[in-house]
Amino acid sequence: MNRTQNRTFNFSAGPAALPTEVLIQAQAELLDYQGTGISIMEMSHRGKIFMALAAEVEHDFRELMAIPPNYKVLFLQGGGKGEFSFIPLNLLRGKNQAEYVNTGLWSTGAIKEATKYCEVTTIASSEDRNFTYVPDVSGWKPSKDAAFRHICTNETVHGVEYFSIPEFDDGVPLVADMSSHILSRPMDVSKFGCIYAGAQKNIGPSGLTMVIVREDLLGHPHAMTPSVFDYTQQAKHDWMLNTPPTFAVYLAGLTFKWLKQNGGVEAMGKVNAAKAKQIYQTIDHSNGFYRNDVAVADRSQMNVVFFLRDEQHNAAFLAGAESAGLVGLKGHKAVGGLRASIYNAVSPEAVEALVLYMRAFAAKLA
Ligand SMILES: *Cc1c(COP(=O)(O)O)cnc(C)c1O
């Protein structure tokens, strides 16, 4: 087992693993950021040094995601759940209807929050089969009167991911919660009106939320929108209307550099697909010892949810995993079982170690 710096293999769903190289650099710069004699989190966000850093972080993020110039990028606070409110507040634009697709716990949360602000129509749902698939787009019932159409493109808890982007020709902007798979593979930003993501799954520490929003959707926030969560105002002020979470922005920036050095989202997507395939194959070839219930085409590349045939062995599985240096594998309480979150920073070596452990555990109990 080849473990960098004696770091434990971390399969936590979030906050989640960060690249070891990123943490080492942050550690090296912690007391003295680039000869200033102070740390990055101790200086003004309006000073020359942080302003330059912020511009570079945004630039790298734009480059990695190939974000077209007619989109604003905002680095805000409030988390994914905060966005469940800020999306309707900013994007209803005087309308009273929004459409949501319900594919799991996070879509459900987004719907619940949105109903405070407008009439919500759930135009498709996979609740009938315990959120184990993405409903076929041909069965969705969209209306051109909706202010926006919301999807969660990777359901972190249920382990379901969209591998194609639903498209309708009705001009209704598509909004996506990409919290748990942003930057995991190439995504065509131009197909969306707005994308948001909390950083703590696949990018950096908690406390930072990214919003990518098409410029033509700005300018009509609900009058009650708090200024710091008003996309229009934040865009006008280069997301510095208030103090941004400076250390989180800095760490996200280090992760962006790390991604660029490792071939960007294209390369990352290939590695992530291979990692996921290895675990799903282990599950599928276990003669039913392990089980994954998600439709094969919709299986998440980031969050692999699985169950033991005999669930009374869950505790033994987790304890044995921990002894083998594998942590964070307990399933979310909403679905139970086990879950391996294999974000960008989870190395192929970590996945290899997990798969070896899974096979050994199955062999021992067979
Ligand atoms: C984690 C998560 C959230 C919630 O994020 P918070 O930052 O805790 O509010 C929302 N959506 C998805 C898809 C998530 O994975």
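We count ligands from 1, going down the list as the structure has it; atoms in each ligand are counted the same way.
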When rounded to the nearest 0.5 angstrom, what is the spacing between CG in Asp169 and NZ in Lys144?
13.5 Å
Any cation-pi pair here, Arg149 with Phe168, using under 6.0 Å and within 45°?
yes
Got a sec: does the CD of Glu311 have more than 12 other heavy atoms crowding it under 6.0 Å?
yes
After noting the C-alpha distance and the side-chain angles of His59 and Glu63, does the key distance pass the side-chain hydrogen bond (donor to acceptor under 3.5 Å, both in side chains) rule?
CA-CA 6 Å; His59 170 87; Glu63 192 175 300; 3.1 Å; yes
Can you tell me which residue pairs pass the salt bridge (Lys or Arg N to Asp or Glu O under 4.0 Å) test with a partner in residues 33-54, sequence neighbours excluded?
none
Protein residues having a heavy atom less than 4.0 Å from any atom of ligand 1:
Gly79, Gly80, Lys81, Phe84, Trp106, Cys152, Asn154, Thr156, Asp177, Ser179, Ser180, Gln200, Lys201
Would a hydrophobic clustering, with Ile, Leu, Val, Met, Phe, Trp and Tyr connected at side-chain separations under 4.5 Å, put Phe148 with Val101?
yes
